[in-house]
Amino acid sequence: MKEFMKAYDFKKIEKKWRERWLQDRLYEPDLDNPKKPFYNLMMFPYPSAEGLHIGGVRTFTGVDIYGRFKRMQGHDVFQPMGLDGFGINSENYAIKIGEHPKKLALRTEENFYRQLHEIGNAFAWDEKLETYDPEYYRWTQWLFIQLFKAGLAYRKKASVNWCPKCLTVLANEQVIAGKCERCGTEVIQKELEQWFFKITKYAGRLLDGLDHIDWDGRITTAQRNWIGKSEGALITFPLTGIPGQEDGKHSVDVFTTRPDTLFGTTFLVISPETAKFWLDIGWQAPDEVRAYITKSLGGKEEERLALGKEKTGVFSGIYAINPATDKQIPVWVADYVLGGYGTGAIMAVPAHDERDFEFAKKFELPIALVIEPETGKIMPDEQHRRSIVAIVEDPKHKKFLTLNWGSKLGGTLFIGGGREEGEDEVATALREIQEETGYTQLEFVAKSELMHHHYFAFSKNVARNIEVTSLYFRLKGDERVEENLQHDEKGNFTIEWLTKDEVLQKMEDENHLLGFRRLVLGEIYSGDGILTNSGEFDGMSSREAKWKITEKVKGKQQTNYRLRDWLISRQRYWGPPIPMIWCDSCKEWISEKEENLPVLLPDVKEFRPTGTDKAPLANFPEFYETTCPKCGGKARRETDVSDTFLDSAWYYLRYLDPSNKKEFVSESRARTWAPVHSYIGGAEHSVLHLLYVRFVSMALHDLGFVDFAKESGGEPIKQFRAHGLITKDGAKMSKSRGNVINPDDYLRVYGADALRMYLAFMAPLTEGGDFQDTGIRGMVRFLSRVWDFKECVIDGESDEIAERAIAKAIKKVSEDMESLQFNTAISALMICLNTFEEGGRIVGKKDLKDFLKLLAPLAPHVADELFEMLGEKDSIHKSMWPTYDEALTHDVSVKLVIQVNGKMREIIEVAATITEQEMKERALSSEQIKKYINGQEPKNIIIVGNKLVNIVL
RNA sequence: GCUGGGGUGGCGGAAUGGCAGACGCUCUAGCCUUAGGAGCUAGUGGGAGAAAUCCCGUGGGAGUUCAAGUCUCCCCCCCAGCACCA
């Protein structure tokens, strides 16, 4: 990288101030007695060997800018930093370079802390922590034990995700589209006994809590999706035809969100997992059924769930009784039904569920229609009335008539049809309308342009003076619809002209014609509607029928969640050993005594994963051989370690008191500082870390270990914002692309202040941006101009223009800092400096100092240096954020925009105090405007504030 | 497919319904300089014109409004999350 102009020696200055800040302990708040605590948290990085990523630098400095702003507003800002050093990422790299993870960690730690120091952030270094420090993970283990004692940690054998490359099990949250979140390898299913956290117990609270916290919408949406709440019913189907079993002795429960379609249930489907369970308890299934079960359970999850895969299944030989119809229906086994959700069995309603329909078609199972779509309904609000208002279906002929009308102008007019050759008919209709109405601007839109709809359309651009308020006509001349439609003696289309009310009436009348063309076409209707073929429930709406039918068949209302329990154990080395002990005599799992924590991770040579379902520690008897904490007999330690996401699920609490040997957190500090006021990090953690951290906090809250955020049930973080992604030349940075930015290079050449400014200027923090070398030079220029400007100030007062410029800047920067819009804050500073530098401006020292204060969060080193050069003794970061006089933010003279018919025609400079009357006069007397008015009498003159006059002719 | 978030110059991005493109980068011309990879000045959405000035422009189509990047409806495209969850 080339050297670049610089007005000052940033290397010297930046070093000087960083040292002084540390020496003065400027960024260490009083954790016990803060006046206005503000916990400014950023996601701690995992220390990769490559060092800090430029995206990390941007986020950290962005958070720092916000924190420095808050500090100058009088808050006691706590901004700690640490390293999330445990985990597979670090371990894999250690394996790759053949170095022990612990040794590697110490090396990368040093490099990371150096870089974090050099970006000039106001970190509270006294409270730094590393998750691999035994003093830290002792409490991670302690946390595990508390959850175990509370029944929130348990062991079970289950089909779990296994990454064949990372050689460990994974939590559901770590499987992205069937692939390992870390390495992208396809995940397979293994039947293993593992440790789980009962996060599902908190599903409802995790969902409801989202309404009480101020979090980025992307995250709350992702979490809502992930938790996946469904409200439905549990319905019991008695079974018949089981060999050797009395009819009705056994039954199967299904979960459905559509009990209103129960009358349409023509078969049941159970998952292979459920079928396997039945086999295990003695079901004598036919051979082909056994074969199918074995086959589908052996396959990869990915293959089984592949979209578009043809459905497979087999008839079980068993029947069930539909409790609504009392009819006997077959029970099938098919792998499109998931074992892990609901009851592992479904009621199939082929007429109203796409998957069931597909299955029924393939195996020729009966289909019963029980829901009629509610069509022809007029949408209530005025805006909707102006576009499409109805799609009316013709039951017998699979036709749509789509109606549309709008305002007095008529809007868009649609005409129904259902086949390509109908275009001729439309053309005829078009011609007729043109003849009848004289509208020549009717536009024909071909069917192919209306991808998803089986209708043709015109848009009508009619003249404004037409009085017709609505149009209605029908397509004629198609023998398939002939019988329902009138036509004239020539057999052509008849066009009926109706008022809006008449159209409404007609549509009401036609509702009885609505039907089910979709079934025949291979489409099904899965929405809500009106019940039919459902006995006493006919004519009822779906919504109403749902619970009435559930009640009738003695079903039970139930809420299901898609969220699964958090699989916490990992068959790896570089993590906290799970502090559990299996005692052969007691025949149970017992937690390690708390006074024996931490269970130290031994320094073993062979730390690589074994590739079996046993962790590396299982090869070290000196580790796992122990005594039972209960009976004192011989016992065996758990050799798995816990998921790295457990380490990060509570670190914000440990920061408050990282050297506490008695408690995992000081309770009083937690009450003072939590919930975290502001948290900023990556959106990629939306259903990983950010869900776990909430769960753990809620559990700690319920167990009485922390005592904050009672009103939200223990939500740990008030505000969360996700930062954007930085690209280089439009592409994601990656080693393989060779477009990775190393922050060190830029720190060396341009300095921390310029780099910080540039990263902040790129885009709002919550959005991404593209890193450009040239962009950073703009920041160097700007800072150099600020540097040089110190020579230009006087001891006295600024002139009025300069005074107004700084007042405006203070206002704008204050607002933008709060909303993390650092890009526009910097822009406001540039505008202010541009004004200061104008020829003839007089700028007082005081105003330059205020300017430096605005700059201080962004470029903390040079701001402090200049502040000192202007005679200040104390650091600028201890000073109070400047205030401004609102009156000064308004200009004395303003630019008045004069429009004619909404088009800008002239701008004149007027006094800000101008009255409406004067504005009108000035506008009408302008020579330029007179040209446009051309002697006409204005119909209307619109005046907006003191900035705009619009003359309407 | 579902749920969010987007689509504005050559680029990053600005715009409480009221001058679209702030601020910066890039580029062009000129100045300064032994030199320029520094700095300074001016210009930089497209089209027409010698110029004043005019026309067109915020993914596409309609609508509301005196006035739409902004509000409403339909469509297209991109990004993220979920995805056979009954």
Side-chain angles (χ1 to χ4, degrees), chain A residues 2-6 176-177 217-226 228 230 232 254-258 261 269 304-309 311 334-338 340-342 345-349 353-356 358-359 381-384 386-388 406-407 409 411-412 443 445 449-453 457 459-461 560-562 683-684 686-687 725 730 758 761-764 767-779 781-782 784 821 823-824 826-831 834 895-899 901-904 906-907 928 939-942 944-945 947-948 950-953:
Chain A
K2 298 283 181 354
E3 283 291 316
F4 194 66
M5 181 290 305
K6 49 185 186 262
I176 313 287
R218 285 173 279 181
I219 310 299
T220 51
T221 316
Q223 293 206 358
R224 281 195 185 93
N225 280 341
W226 187 259
S230 315
V254 304
F255 174 73
T256 176
T257 54
R258 293 298 301 275
T261 62
V269 189
R304 172 170 166 188
L305 299 183
L307 254 179
K309 186 198 104 172
K311 293 212 168 10
D335 68 2
Y336 81 93
V337 174
L338 303 174
Y341 183 77
I346 60 146
M347 55 179 240
V349 186
D353 181 282
E354 228 155 287
R355 299 153 298 181
D356 300 342
E358 203 187 308
F359 193 77
D381 90 276
E382 191 58 26
Q383 188 57 49
H384 282 99
R386 292 196 166 123
S387 60
I388 295 177
S407 64
L409 300 183
T412 304
E443 189 189 345
V445 181
E449 293 176 53
L450 294 163
M451 305 269 293
H452 303 298
H453 301 281
S459 76
K460 192 162 67 73
N461 258 328
N560 265 12
Y561 296 94
R562 211 169 49 199
E684 69 275 15
S686 47
V687 293
L725 197 76
Y758 175 62
F761 186 64
M762 242 168 24
E767 279 160 46
D770 199 58
F771 192 94
Q772 290 166 6
D773 284 21
T774 50
I776 193 169
R777 315 224 301 223
M779 294 302 134
R781 271 180 211 138
F782 172 72
S784 303
Q821 315 269 130
N823 55 335
T824 46
I826 291 172
S827 156
L829 287 174
M830 289 171 164
I831 291 167
N834 288 348
K895 286 184 174 126
L896 180 65
V897 173
I898 305 173
Q899 297 181 332
N901 282 337
K903 288 205 168 188
M904 199 276 287
E906 198 182 12
I907 298 175
Q928 173 77 4
K939 282 207 191 80
N940 197 3
I941 297 180
I942 313 271
V944 183
K947 54 187 173 187
L948 184 135
N950 186 12
I951 300 162
V952 186
L953 295 177

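Keep in mind the model is a prediction, meaning the values are calculated, not measured. Numbers restart at 1 for each chain; the letters A, B, ... are given by sequence-line order, proteins then strands.
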Under 4.5 Å between any side-chain heavy atoms of A/Ile951 and A/Asn901, yes or no?
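Side chain of A/Ile951 against side chain of A/Asn901, heavy atoms only: no contact under 4.5 Å found.
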When the nearest nucleotide of RNA chain B is assigned to A/Gly217 and to A/Ser686 on a heavy-atom basis, which residue is associated with the more 5' position?
A/Gly217
Provide the distance between the two [atom1] atoms, one in [N] and one in [M], to the nearest whole Å.
{"N": "B/G6", "M": "B/C71", "atom1": "P", "result": "10 Å"}
{"N": "B/G59", "M": "B/C77", "atom1": "C1'", "result": "7 Å"}
{"N": "B/A50", "M": "B/G63", "atom1": "C1'", "result": "44 Å"}
{"N": "B/G17", "M": "B/A67", "atom1": "C1'", "result": "8 Å"}
{"N": "B/G9", "M": "B/U70", "atom1": "P", "result": "15 Å"}
{"N": "B/U8", "M": "B/A22", "atom1": "C1'", "result": "13 Å"}
{"N": "B/G10", "M": "B/G21", "atom1": "C1'", "result": "14 Å"}
{"N": "B/G7", "M": "B/G12", "atom1": "C1'", "result": "15 Å"}

Counting only side-chain heavy atoms from C-beta out, which of [options] sits nearest to [X]?
{"X": "A/Ala222", "options": "B/G81, B/A86, B/G24", "result": "B/G81"}
{"X": "A/Leu338", "options": "B/C82, B/C25, B/C84", "result": "B/C84"}
{"X": "A/Asp335", "options": "B/C23, B/C84, B/A86", "result": "B/C84"}

Would you mind reading off the distance between [X] atom [atom1] and [N] atom [atom2], rounded to a whole angstrom?
{"X": "A/Asn225", "N": "B/G5", "atom1": "CG", "atom2": "P", "result": "12 Å"}
{"X": "A/Tyr561", "N": "B/A86", "atom1": "OH", "atom2": "P", "result": "13 Å"}
{"X": "A/Ile941", "N": "B/U65", "atom1": "CD1", "atom2": "P", "result": "21 Å"}
{"X": "A/Arg781", "N": "B/U41", "atom1": "CZ", "atom2": "P", "result": "12 Å"}
{"X": "A/Arg562", "N": "B/G81", "atom1": "CZ", "atom2": "C1'", "result": "10 Å"}
{"X": "A/Trp226", "N": "B/C2", "atom1": "CH2", "atom2": "C1'", "result": "15 Å"}
{"X": "A/Glu354", "N": "B/A83", "atom1": "CD", "atom2": "C1'", "result": "13 Å"}
{"X": "A/Glu906", "N": "B/A52", "atom1": "CD", "atom2": "C1'", "result": "13 Å"}

Can you label the angle between the A/Phe255 ring and the A/Tyr341 ring as parallel, tilted or perpendicular, going by 30° and 60°?
perpendicular
Any stem touching RNA chain B, meaning at least three consecutive Watson-Crick or G-U pairs under 3.5 Å, ordered by first number, would be B:1-7 with B:76-82, B:10-12 with B:23-25, B:27-31 with B:39-43, B:45-48 with B:53-56, B:59-63 with B:71-75
Categorize [X] for me: base, sugar-phosphate, or nothing, with a 4.0 angstrom heavy-atom threshold over every strand shown.
{"X": "A/Thr221", "value": "sugar-phosphate"}
{"X": "A/Gln928", "value": "sugar-phosphate"}
{"X": "A/Lys903", "value": "sugar-phosphate"}
{"X": "A/Asn834", "value": "sugar-phosphate"}

Taking only the side-chain nitrogens and oxygens of A/Tyr336, find out if one of them lies under 4.0 Å from OP1 or OP2 of B/A86.
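Result: no.
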B/A38 phosphate, OP1 or OP2: any side-chain N/O from A/Arg777 under 4.0 angstrom?
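Yes, A/Arg777 has a side-chain N/O under 4.0 Å of OP1/OP2 on B/A38.
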Determine, for nucleotides 10-19 of chain B in 5'-to-3' order, which nucleotides have protein heavy atoms under 4.0 Å from the base (write B), from only the sugar-phosphate (write S), or from neither (write -).
-SBSS-B-BB
Mark yes or no for whether A/Asp356, through its side chain, and A/Val349, through its backbone, hold a donor-acceptor pair below 3.5 Å.
yes
Sequence neighbours left out, what passes ring-ring contact (aromatic ring centres under 6.0 Å, His included) with A/Tyr758? Give chain and number order.
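ring-ring contact (aromatic ring centres under 6.0 Å, His included) check on A/Tyr758 returns A/Phe771.
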B/G4: syn or anti, with syn meaning chi within 90° of zero?
anti
